[in-house]
Visitor: 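Quick one: the structure is below, and I'll ask about it shortly.
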Amino acid sequence: MFHVGGARSALFNWALAQQQPEGRFVLRIEDTDAARNKPEWTEGIISALAWLGISEADPHFEGPYFQSAYADEHIRTAERLYSGGQAYYCACTRDQVAERRGNPHLGYDGFCRDRGLEPGPGRALRFRVPDGGPTVVEDRIRGRVEFEHDNIEDFVIARADGSPLFVLANVVDDVEMGVNEVIRGEEHLSNTPKQQLLWEALGQTPPVWAPLPVIVNEKRQKLSKRRDKVALESYQDEGYLPEAMVNYLMLLGWSPGEDREIMPWEQMQPLFDISDVNSSSAFFDEKKLRAFNGEYIRALDADDFVERCRPYLAPDRAPWPASNFDEKAFRAVAPLAQSRIAVLGEIVPNVDFLFLDEPVFDEKSWNKAMKPGVGEEMLSASLERFGDPGQVWEAEALKTALEEVGQAQGLKLGKAQAPVRVAVTGRTVGLPLFESLELLGRDRVRARLEAALERLRADQAREQADAPAE
RNA sequence: GCCCCCAUCGUCUAGUGGCCUAGGACGCCGCCCUUUCAAGGCGGUAACGCCGGUUCGAAUCCGGUUGGGGGUACCA
């Protein structure tokens, strides 16, 4: 599963990488265990990135990398820091530290700092944070952020079993890969001075940091996998277009500074500047994403639209019998649906009546359209009218016909069409009716009108039976 | 608790001392169009958290305050 927050970071990185001929987008999977144990997990990220247009085939793309690729170097670096005196072994347990400090929330107290402990069982390696003075982080989004060393505890860089911690592994990887610009979530900001200290201890020039403000939910909390809908895959599945997703994500915390917000990647990418990114957190507004997606869908040309709908019409997903699908009918109706759907998945309920053996009646729609009197009158009258062999079976003529049927009942077309629509499609809302009738053909339309009429009469009979006898 | 970050319409943002009686986009609300629903057109609603400074002048600079958020592991 790929997180929308990760997707935004990736896009920002990607835009920057593409702005320079030599630019690289390095994808590093920072979760060592997951990367090692769940290859499908990283494959998911790769395919989600490819969906967004960040392809492994592109020369700007590098990765994925796993920390395990540099595992030996992690260990060597830890040893080097120890022998250089920049790190020391510590035998304290968490409980011991908490007891000494009287508060479990207070950090490490430096108990073993000058004990000169040798490596040994139960001894973790801690980084010796320099005395006094601040570490200044140059942050491309906020400017300078200062951290007093007094507030940074001597943090552990290697566990008692010798395995490196994230901070160390991360820095070693960055050094190895020549990373000079780090764009990632703001949750890492307080980790950054530690990393910078490590870079300096290793005699390296630290990279430029760009901790992106987090993406939040409606309650202004950082999006969480448990609580919020964050998986890019689920948006893809519902029928969001990657172009729309990219466009929307880029606008979260950044603005191209022009009046238009809908802008293709090619146009947006050169405009992007990481230092223009906002420093405050942004709410992921699915409604706005939907609106963007609708616009992108409408901008598709007819054939492209049909092809993009294809996955939702496939036998494994569509609710109708596969053999009922009629390519010609779908192509005829697709343009009518195109302006009516905001995500591709919605194509199905719009066209299902064409391919289902019988329409699926929406209960609310039925009750609304089949009001006493109007429903039955309209159904039987139009059944008769459509049975007239002289009736031309073409949208315009059908419209005229139904108008006349309605008039005879004293109904305007708006009211008159409702029972017919529900009888034929199952719902009160949907594609333009007369085009639908034309495509369905006289026989199927008449059969459905008849079936609805039967159902309606059965309803009424039941109601009468249920009514208390006078 | 401690450290750090943030603060303009409901939301995403424009805005870097006068062009701001604060602009755009999404949403929302009207009206028009209309066979339903959309789409489209037109119009509307709505914000500089608060208090002090600095300045001829502050959404923009400074201080404080309040409110949000993140971090604080031998997690990543």
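In this text the structure is predicted, and so the values were computed from the model without any measurement. Lettering follows sequence order; numbering is per chain, from 1.
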Visitor: State which of B:U35, B:G70, B:U72 makes the closest approach to the side chain of A:E153.
Guide: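 Nearest listed nucleotide: B:U72.
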Visitor: How would you label the contact of A:T428 with the nucleic acid (heavy atoms, under 4.0 Å): base, sugar-phosphate, or nothing?
Guide: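 Base contact.
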Visitor: Could you tell me the Watson-Crick or G-U partner of B:C37, where both distances fall under 3.5 Å? Say none if there is no partner.
Guide: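 B:C37 is paired with nothing.
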Visitor: Counting the atoms with a prime plus P, OP1 and OP2 as sugar-phosphate, which does A:E286 contact under 4.0 Å by heavy atoms, base, sugar-phosphate, or nothing?
Guide: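 Nothing, no heavy atom under 4.0 Å.
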Visitor: NA contact type, A:F147, heavy-atom cut-off 4.0 Å: base, sugar-phosphate, or nothing?
Guide: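 Sugar-phosphate: the residue A:F147, judged by heavy atoms under 4.0 Å, touches backbone atoms but no base.
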Visitor: Name the pairing partner of B:C28, where a pair is Watson-Crick or G-U wobble with both distances under 3.5 Å, or state none.
Guide: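 B:G44 is the nucleotide pairing with B:C28.
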Visitor: What's the CG-P distance between A:L402 and B:U36, to the nearest Å?
Guide: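 That distance rounds to 12 Å.
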Visitor: Find out whether A:L232 and A:M245 are in side-chain contact, i.e. whether some heavy atom of one side chain is under 4.5 Å from a heavy atom of the other.
Guide: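 When only atoms from C-beta onward are counted, A:M245 and A:L232 do touch, with a gap below 4.5 Å.
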Visitor: Please determine, for B:A7, whether a Watson-Crick or G-U wobble partner exists with both distances under 3.5 Å, and give it or none.
Guide: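 By the stated definition (distances under 3.5 Å), B:U66 pairs with B:A7.
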Visitor: Please confirm whether any donor atom in the side chain of A:E261 sits under 3.5 Å from an acceptor in the base of B:G24, or the reverse.
Guide: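 When only heavy-atom distances are counted, A:E261 does reach the base of B:G24 through a donor-acceptor pair under 3.5 Å.
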Visitor: When you measure only distances, ignoring hydrogens and angles, does the side chain of A:R142 come within 3.5 Å of the base of B:C5 through a donor and an acceptor?
Guide: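 Checked by distance alone, the answer is no.
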Visitor: Report the distance from atom CZ of A:F305 to atom OG of A:S339, rounding to the nearest 0.5 Å.
Guide: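 Atom-to-atom, A:F305:CZ and A:S339:OG are 9.0 Å apart.
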Visitor: Is the distance from OP1 or OP2 of B:G40 to the nearest side-chain N or O of A:R298 less than 4.0 Å?
Guide: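 Yes, A:R298 has a side-chain N/O under 4.0 Å of OP1/OP2 on B:G40.
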Visitor: Looking for any heavy atom pair under 4.0 Å, which part of the strands does A:G257 touch: base, sugar-phosphate only, or nothing?
Guide: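 It contacts nothing in the nucleic acid.
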Visitor: How would you label the contact of A:G294 with the nucleic acid (heavy atoms, under 4.0 Å): base, sugar-phosphate, or nothing?
Guide: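 Nothing, no nucleic acid heavy atom in range.
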Visitor: Over how many whole Å does the gap from A:E403 atom CD to B:U36 atom C1' extend?
Guide: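 So the two atoms are 14 Å apart, to the nearest Å.
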Visitor: Both A:K287 and A:R94 contact RNA chain B. Taking the nearest nucleotide for each, which residue is further toward the 5' end?
Guide: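 Between the two, 5'-proximity favours A:K287.
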Visitor: Within less than 4.0 Å of OP1 or OP2 of B:G71, is there a side-chain N or O belonging to A:K222?
Guide: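 Looking at the OP1 and OP2 atoms of B:G71, one of them is under 4.0 Å from a side-chain N or O of A:K222.
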Visitor: Calculate the interatomic distance between A:K288 atom NZ and B:G10 atom P; express it in whole Å.
Guide: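 Rounding to the nearest Å, NZ of A:K288 and P of B:G10 are 15 Å apart.
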Visitor: Between A:Y82 and A:Y89, what is the ring plane arrangement, given parallel below 30°, perpendicular above 60°, and tilted in between?
Guide: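 Correct class here is perpendicular.
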Visitor: Give A:K412 one of three labels, base, sugar-phosphate or nothing, depending on what nucleic acid heavy atoms sit under 4.0 Å from its own.
Guide: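 Here A:K412 touches no strand at all.
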Visitor: Output yes when A:D303 and A:R308 qualify as a salt bridge under the 4.0 Å nitrogen-oxygen rule, no when they do not.
Guide: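 Answer for the salt bridge query: no.
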Visitor: Which listed nucleotide (B:C26, B:U13, B:G70) is nearest to the side chain of A:N278?
Guide: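 Closest nucleotide among those given: B:U13.
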Visitor: Any side-chain N or O of A:R220 under 4.0 Å from OP1/OP2 of B:C5?
Guide: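 Indeed not, no polar side-chain atom of A:R220 lies that close.
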Visitor: Heavy atoms from C-beta onward define the side chain here; which of B:C74, B:G70, B:C26 lies closest to that of A:S190?
Guide: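 Of B:C74, B:G70, B:C26, B:G70 is nearest to the side chain of A:S190.
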Visitor: Among the nucleotides B:U36, B:G70, B:G10, which one has an atom lying closest to any side-chain atom of A:Q417?
Guide: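 Closest of the options to the side chain of A:Q417: B:U36.
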Visitor: Determine: side-chain N/O of A:R159 to OP1/OP2 of B:C75, distance under 4.0 Å, yes or no.
Guide: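 Answer is yes, contact under 4.0 Å.
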Visitor: Under 4.0 Å, counting only non-hydrogen atoms across every strand here, what does A:E146 touch: a base, just sugar-phosphate, or nothing?
Guide: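 It contacts sugar-phosphate atoms only.
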Visitor: Does any nucleotide pair with B:A59 by Watson-Crick or G-U wobble geometry, both distances under 3.5 Å, and what is it?
Guide: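 B:A59 is unpaired by these criteria.
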Visitor: Test the A:K229-A:Y235 pair against the cation-pi criterion, namely NZ or CZ under 6.0 angstrom from the six-membered ring centroid and within 45° of the ring axis.
Guide: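 Here A:K229 passes the 6.0 Å and 45° test against A:Y235.
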